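Below you'll find the structure, written out as structure tokens, and then a few comments.
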Amino acid sequence: MPKRSPKAPKPTTTKQGQNQRRKKKPARKKRGLGTLILFWPFALFQKITSAFPLAIRLPARLIGHPAILCLYALIPMSIFYYGRARQFDMGKVSEMPERTIVYDRRGVELGRIHGEKRDIIKFADIAPDFLSAILAREDERFFAHGGVDWIGFGRATLRNIKDQSMTQGASTITMQLARNSYRLQAEPLSFSHIIQELDRKFLEIAVSYRIESNYEKDEILQHYVNRIFWGHSIRGIEEASRTYFEKRAKDLTLSESALLAGIVRGPNAFSPFKDIENSRYERDSTLQRMVDASVLNQEEADAAKNEPIEVRPEWRRVFHDSWAMDSVRRELERILEDENIEFGGLQITTTIDNLVQKKAEEALDQHLRKFERGGGYKHQTRAQWLELKEPRPTPQYMQGSVVVIENLTGAIVATVGGRDADESKFNRASQAKRQIGSTFKPFVYLAAFDHGLRPETMVSDDPLRRGEVRGAGGWSPSNSDRKFIGMQPASIGLIRSRNTMSVRVGNFAGIDYVKDIATSVGFERELSGDPTAFLGTLDASPEELASAYTVFPNRGVRYPPRLIAEIRNRDGGIEYQNPLISYDAVKAGSAWTTSRILHQVMERGTGATAKRLGFNKPCAGKTGTTNDYRDAWFVGYTSSLTCAVWVGMDKPQKTIEKGYGSVLALPVWTEVMKTADRLGYQADGLDSKLSFKDCRICRVSGKRATPACEAAGEAYSDSIPVDLLPADTDICMQHMESEPSRSGKRPPKAVAVDQLPQTPEAPKAIPVEDSPPRAIPVEEDVPRAIPVDP
């Protein structure tokens, strides 16, 4: 047996010796500072759970570690989406497009335009029952959460997992408000709908927390119910209440509140206008939810369920346009920027008087219906057009237009562009340009009065001679009665609308000067340069003509037409104000002189029908009819208002036989003015405040009379506006050259105005070979003799 080495240790059997022989474990590596900072939640969780029994420790760690991992992902995501949410302006939550409200001059609502079909209201103006109903239906824990209902979110998530769908969104009212207020979908993620929707949902949550931190709960609820979509283009609780139940939101009953809250999730499908039974089901379901939420007791819910559903009748659901609103829309396009118009929320005060407006619309249609029912009417009637199947073609029935303007402001009191604004969108009040016929003649006479013509100056009504009128050539217009009545005072030419006299008067004034007058009083198109223009071949709209005529009662001053008086924004600030603007369009004396003659037109001329129709107040005006009775006009005024009426076919053609202005247009004017007078637009006397001076005038020349004029019996006394008074040296030269008769008096010598000494503005007519086309305008004659004012 070999000998042991003395250095070999002796084997031991002690416990200590056994432990020493065991293999030592390697020493643990110390964790770095970065690792501790980054993974301390895991370490902490590990240490906490190490003391748990194995049966608890293992499941806890299986759940805890992934949860901590999710937390690691949630922190950067929160920072990322919070940063994106910061980009949204929280002020936009309370800003939303709403309808612009249009009022008439009395504060009566005319209608609503632009923006969205919404009327924003305050929290206090909402029925408490509706607020309870919408909370029970959409967000029962609204006042308990901070923007996101995590309990509901968890429940919805489990339901989606179970159903393997994404039907449950768990959106709170705040989240819905965020979604409705901002565009949250990221277009770069459109390649994947699922990713895009998840991104939207996370951003929606972040924005919801921002909304909650910027607004009180009542404010959030207010903005939410003002944004809700209720079908049929309806947005907001106030508009929904008005549309469905014709009442304010604060007046909704419990049953009505529950119905509106119930149809929010499917407004088009559950609309009571479409399916009343679906609406009833949604109402009852909402009421039951209110019971479950302890908002109602069962008895109250049952009573509301038994109430009948009464919504707006079908015949009142159709929106009807109006000519006043059509004109406002056109005017807004001229005044405001497009973005201001489309966003809406404005309050527009117009110059329209809705009572006069309605009467004008009614009077025009009723009057034209009489002719459509009469014998001999050969065109389509409005009744026949209405019987056609949808879609109906463009109407071919007789149309008309009425425009009423306030003299001393230019304010448009009424504007009617046709028989019905729903049936035709062509606004004839402002868009139609039709020949105005004899209604232009007063401006021709006014121009001549500027050059010294007087109402008693004698003018020939005989046929025109070749070369007598500049530019006429061999043209010689006839009168409507095919007669010529010889020498007459100039006033007769206007009272009886004599064509031959009017051409001579215009020739005396000069076509260029008449052009200037037409432009000055507001006609947009330039007057033609041939003498047919003196008879009214100018094309103009009823609005232009009415505005031009205001210079007569205004003593030469014109206020351009104005429809919108003021525009305020949603905060009540003035966005636009239309100031009164006026200018001296024509000489005051000439305007007054012409107006005096137009007053005689209403007394014993072509406008005398107005008295027979019951309008006996002081007024003045002129009828107008174009060739073949294509256009019938009447323009007249009182001291307060001027009104123009046109009747005709959209495609110029004969209306009816003898369709004169006094037949088709004047009766409408009469009805409108009678109503306006009753409403306070007083028709006082047409007296002038001008200064006048008496002098002796020669009836033949219109100049200061001389002893020779006195001897010839042609001198008369006249009170003349001072701005038209002939100079002391502007004396008659006609009778001074005449030889006395045997009786010692010079014989009367009537000379047509074109034979009078010419002024620089009215050059003497020279023969022109080219003949203009035959005059279009005609006018009815007054068959009886008309006495001449002394």
Side-chain angles (χ1 to χ4, degrees), residues 93-94 96 118 120-156 159 168-181 204-205 207-209 211-231 234-241 244-245 248-267 270 279 281-305 307:
V93 172
S94 60
M96 57 198 85
R118 174 193 285 116
I120 297 175
I121 59 174
K122 300 294 184 182
F123 185 84
D125 295 325
I126 306 169
D129 282 338
F130 173 77
L131 295 174
S132 298
I134 199 69
L135 289 175
R137 187 81 195 207
E138 296 294 317
D139 192 353
E140 186 178 333
R141 285 179 290 275
F142 172 72
F143 286 100
H145 62 68
V148 180
D149 183 3
W150 291 110
I151 297 175
F153 187 82
R155 184 178 62 240
R159 179 66 180 271
Q168 300 295 314
S171 290
T172 63
I173 280 178
T174 311
M175 293 170 69
Q176 292 181 53
L177 180 59
R179 185 167 62 248
N180 293 336
S181 301
E204 183 181 296
I205 291 170
V207 173
S208 297
Y209 279 118
I211 291 174
E212 290 276 348
S213 65
N214 280 271
Y215 292 94
E216 298 294 332
K217 285 288 187 178
D218 287 356
E219 293 176 314
I220 294 172
L221 193 54
Q222 172 188 308
H223 299 326
Y224 171 73
V225 299
N226 278 323
R227 280 188 179 271
I228 297 176
F229 175 65
W230 259 286
I234 304 165
R235 296 186 182 274
I237 180 59
E238 181 75 356
E239 195 67 33
S241 181
Y244 288 123
F245 299 113
R248 301 286 300 274
K250 64 181 180 181
D251 300 323
L252 288 169
T253 65
L254 174 59
S255 173
E256 294 163 346
S257 296
L259 187 148
L260 290 180
I263 68 174
V264 166
R265 69 186 186 93
F270 304 139
S279 299
Y281 175 82
E282 294 299 324
R283 179 199 66 177
D284 295 350
S285 174
T286 302
L287 288 168
Q288 199 57 48
R289 286 198 181 194
M290 294 175 74
V291 173
D292 296 341
S294 301
V295 176
L296 294 179
N297 57 46
Q298 193 62 52
E299 291 75 14
E300 291 171 323
D302 291 341
K305 290 177 183 179
E307 288 185 16

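Worth knowing before you read on, the calculation uses all heavy atoms, side chains too, and leaves out hydrogens, waters and symmetry mates. Remember, predicted model here, so these are calculated numbers, not experimental data.
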When the side chains of residues 122-133 are checked against the rest of the protein, which donor-acceptor pairs come out under 3.5 Å, sequence neighbours left out?
residue	atom	partner	partner atom	Å
S132	OG	P128	O	3.2

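Under the rule for a salt bridge (Lys or Arg N to Asp or Glu O under 4.0 Å), D139 has no partner lying at least two apart in sequence or in another chain. Partners of Y209 by ring pair (Phe, Tyr, Trp, His ring centres under 6.0 Å), not counting sequence neighbours: none found. Take Q298 and apply the side chain to side chain donor-acceptor pair (under 3.5 Å) test, not counting sequence neighbours, and it matches Q288, D302. Residues passing the side chain to side chain contact (heavy atoms under 4.5 Å, CB included) test with A293 are E140, V295, sequence neighbours excluded. Under the side chain to side chain donor-acceptor pair (under 3.5 Å) criterion, S255 pairs with R283, sequence neighbours left out. Q176 is linked by a side chain to side chain donor-acceptor pair (under 3.5 Å) to E138, Y224, counting only residues two or more places apart in sequence or in another chain. Partners of F245 by side chain to side chain contact (heavy atoms under 4.5 Å, CB included), not counting sequence neighbours, listed by chain and number: K247, L252, E256, L259, L260, V311. A search for side chain to side chain donor-acceptor pair (under 3.5 Å) contacts involving S285 returns R137, not counting sequence neighbours. Evaluation of the salt bridge (Lys or Arg N to Asp or Glu O under 4.0 Å) rule for K305 yields no partner, not counting sequence neighbours. For Y244, the ring pair (Phe, Tyr, Trp, His ring centres under 6.0 Å) criterion is met by F273, not counting sequence neighbours. With sequence neighbours left out, the side chain to side chain contact (heavy atoms under 4.5 Å, CB included) criterion links D149 to R141, H145, I151, T172.
A salt bridge does not link E238 with K250: none of the charged nitrogens is closer than 4.0 Å to a carboxylate oxygen.
Taken to the nearest 0.5 Å, the OG atom of S94 stands 8.0 Å off from the CD1 atom of I120. The OG1 atom of T174 sits 7.0 Å away from the CD1 atom of I211 when rounded to the nearest 0.5 Å. L221 CG to L135 CG: the interatomic distance, rounded to the nearest 0.5 Å, is 5.5 Å.
Panel note: side chain S181, backbone L177; a donor-acceptor pair is recorded below 3.5 Å. Between the side chain of R118 and the main chain of N226, a donor-acceptor pair closer than 3.5 Å is present. The backbone N or O of I234 lies less than 3.5 Å from no partner atom in the side chain of E239, so there is not a single donor-acceptor pair. E300 places a side-chain N or O within donor-acceptor distance of the main-chain N or O of N297, the cut-off being under 3.5 Å.
The shortest distance between side-chain heavy atoms of R265 and F270 falls below 4.5 Å.
Taking each heavy atom of V225 and W230 in turn, the nearest pair found is O-CZ3, 3.8 Å.
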